Engineer: 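Questions regarding the structure given below will be posed in turn.
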Amino acid sequence: MPEPIIVFMGTPEYAVASLNALEQAGYPVAAVFTQPDKPKGRGGKVQAPPAKQWALERGIPVYQPRRIRDDGVEALRALQPDLCVTAAFGQILSQEVLDIPHMGTVNVHASLLPQYRGSAPVNWALIHGETVTGVTTMMTDKGIDTGDILLQKELAILPQETAGELTGRLALLGGELLVETIGKLLDGTCPRTPQDESNMSYYPMLTKQMGLMDWSKSAHALVNLVRGLNPWPCAYTPSPHGTLKVLSARAEEASGAPGMVLEADDKRGLLVACGEGALRIQSLQAPGGRAMAAHDYLRGHPMDMGSRMTEEG
RNA sequence: CGCGGGGUAGAGCAGUUCGGUAGCUCGUCGGGCUCAUAACCCGGAGGUCGAGGGUUCAAGUCCCUCCCCCGCAA
């Protein structure tokens, strides 16, 4: 068939990777739907989402309906798309929206479906200590990440990798897989497999509250929490000096009462006992401050060995 | 005008309330000690206190303006 009219729906950097892949593969994007600009910066400055910036730089029309299934339907219909592509759009599509493109809507999801459905698959995979993940292209249907699987590609997770880093790599992989998927859809050779519902898992959106570190857990579990929530919302813990964001840490062999400070000097750094093993905090961030290495922080905020990371004061 | 925290030596901080010699920990340089050290002792260098203006006999500190960093809001 001739060149399809593709309408893209996506919002963050993760979506831009797919836009770049489409562009490089020679698939023109007819329009971009993205979330409305939101006040982001300090002082109430609004900022355009990355996908919008990408489109504006190329003179591609941008649509920012508050809810596409309410006030974006007519605009989408008018574009007469053959195919819609979504990647971290941040809005749920109604059946009415899904019915518009006759080839359907392809979603680029950052997990090996049916595992890790939901809006934060990368974070949850890391929190659970997975060593392999991947990306899936799928036909979007009315459920959340429940549609038929088209193509999948695995990716090994690096030992110290954070959610931000892994998301970046998955986004690139997702772009490649998207191009491959569209090619096969166009020539009719794309496989299409229903998801195995008995093997599915779904995890919710991230909240700041999830980042509270429970020192009775194992050091490995806490390392995974720290990695999985970086760069947002980040793991945090109370401390003798107030709440600290823990940005990176690794597990060590040591023991003590959970939450007790085992080492705290500016040479060796900060070691805290966990329910199993101990957590070596490598970098952290205090309220109002910038991120810094634990030993830098300790120079100006000396901490006694034996104090607890459970209460302030 | 959305709210709040911050900028002081290479690093991390105190000092600002109530103006009166620029401090602490670490690093660094030199010397010493020890079988030994991320150990210890002695000595030194290193600061336009974010920028500009104002008040004052005197400003890191008080007043005004501006710049930059960080948190809240996913």
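Each chain gets a letter, A, B and so on, in the order the sequences are listed, and its residues count up from 1. Predicted model, so just to flag it, every value in this text is computed and none were measured.
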Engineer: May I ask you to decide if A:Ala48's main-chain N or O and A:Gln64's side chain share a donor-acceptor pair within less than 3.5 Å?
Structural biologist: no
Engineer: For B:A45 versus B:G7, give the span between their P atoms, rounded off to a whole number of Å.
Structural biologist: 27 Å
Engineer: Could you tell me the separation between the CG atom of A:Leu298 and the C1' atom of B:G12, rounded to a whole number of Å?
Structural biologist: 9 Å
Engineer: Can you tell me how far apart OH (A:Tyr27) and CD1 (A:Ile182) are? Round to the nearest 0.5 Å.
Structural biologist: 6.0 Å
Engineer: Rounded to whole angstrom units, what separation is found between the NE2 atom of A:His301 and the C1' atom of B:G12?
Structural biologist: 8 Å
Engineer: State the pairing partner of B:G2; accept Watson-Crick or G-U wobble contacts with both distances under 3.5 Å, and report none otherwise.
Structural biologist: B:C72
Engineer: My understanding is that a pair needs two contacts under 3.5 Å, Watson-Crick or G-U wobble. By that rule, which nucleotide pairs with B:A22?
Structural biologist: none
Engineer: Could you work out, with ring-ring contact (aromatic ring centres under 6.0 Å, His included) as the rule, every residue matching A:His301, not counting sequence neighbours?
Structural biologist: A:His241, A:Tyr297
Engineer: For atom P, what is the distance between B:U56 and B:U48, given to the nearest Å?
Structural biologist: 27 Å
Engineer: Rounding to an integer number of Å, can you tell me how far A:Arg299 CZ sits from B:C24 C1'?
Structural biologist: 13 Å
Engineer: Could you go through residues 252-261 of chain A and list every donor-acceptor pair under 3.5 Å that involves a side-chain atom there, pairing it with any protein atom two or more places apart or in another chain?
Structural biologist:
unit_1   : atom_1 : unit_2   : atom_2 : d
A:Glu252 : OE1    : A:Arg280 : NH2    : 3.0
A:Glu252 : OE2    : A:Arg250 : NH2    : 3.1
A:Glu252 : OE2    : A:Arg280 : NE     : 2.9

Engineer: Is A:Glu96 salt-bridged to A:Arg77, going by a charged N under 4.0 Å from an acidic O?
Structural biologist: yes
Engineer: Pick the C1' atom in B:A14 and in B:C57, then give their distance to the nearest Å.
Structural biologist: 28 Å
Engineer: In whole Å, measure the gap between the C1' atoms of B:C62 and B:C49 for me.
Structural biologist: 16 Å
Engineer: For residues 272-279 of chain A, run the donor-acceptor check on the side chains, cut-off 3.5 Å, and write out each pair with its distance to 0.1 Å, sequence neighbours left out.
Structural biologist:
none

Engineer: What does the list of N/O pairs under 3.5 Å between the protein and nucleotides 71-74 of chain B look like, with a distance for each?
Structural biologist:
unit_1 : atom_1 : unit_2   : atom_2 : d
B:G71  : OP2    : A:Arg42  : NH2    : 3.3
B:G71  : N7     : A:Arg42  : NE     : 3.0
B:A73  : N1     : A:Lys40  : O      : 2.3
B:A73  : N3     : A:Pro39  : O      : 3.4
B:A74  : N7     : A:Trp232 : NE1    : 3.3
B:A74  : N6     : A:Trp232 : NE1    : 3.0

Engineer: What distance, rounded to whole Å, do you find between the two P atoms, one in B:A39 and one in B:U28?
Structural biologist: 10 Å
Engineer: Looking only at atom P, what distance separates B:A73 and B:G52, rounded to whole Å?
Structural biologist: 37 Å
Engineer: CZ of A:Arg268 versus P of B:G27: gap in Å, rounded?
Structural biologist: 13 Å
Engineer: Over how many whole Å does the gap from A:Asp265 atom CG to B:G12 atom P extend?
Structural biologist: 18 Å
Engineer: Using the C1' atom on both, measure B:A9 against B:U25 and round to a whole Å.
Structural biologist: 13 Å
Engineer: Just call it for A:Arg290: base, sugar-phosphate, or nothing, with non-hydrogen atoms closer than 4.0 Å on any strand.
Structural biologist: sugar-phosphate
Engineer: If you measure from the P atom in B:U34 to the same atom in B:U16, how many Å do you get, rounded?
Structural biologist: 45 Å
Engineer: State the pairing partner of B:G27; accept Watson-Crick or G-U wobble contacts with both distances under 3.5 Å, and report none otherwise.
Structural biologist: none
Engineer: Which residue, A:Tyr297 or A:Ala291, contacts RNA chain B at a nucleotide closer to its 5' end, judged by nearest heavy atom?
Structural biologist: A:Tyr297
Engineer: With both distances under 3.5 angstrom, what nucleotide forms a Watson-Crick or G-U wobble pair with B:C40?
Structural biologist: B:G32
Engineer: If I take atom CG in residue A:Asp296 and atom P in nucleotide B:C26, what distance separates them, rounded to the nearest angstrom?
Structural biologist: 14 Å
Engineer: Counting only Watson-Crick pairs (N1-N3 plus N6-O4 or O6-N4) and G-U wobbles (N1-O2, O6-N3), all under 3.5 Å, who is the partner of B:G60?
Structural biologist: none
Engineer: Would you please name every residue forming a ring-ring contact (aromatic ring centres under 6.0 Å, His included) with A:Tyr63, sequence neighbours left out?
Structural biologist: A:Phe33
Engineer: Using the test ring-ring contact (aromatic ring centres under 6.0 Å, His included), find all partners of A:His128 that sit at least two apart in sequence or belong to another chain.
Structural biologist: A:Tyr116, A:Trp124, A:Tyr203
Engineer: Once you round it to whole Å, what is the distance between C1' of B:G6 and CE of A:Met292?
Structural biologist: 11 Å
Engineer: For A:Asp266 and B:A38, give me the distance from atom CG to atom C1', rounded to whole Å.
Structural biologist: 9 Å
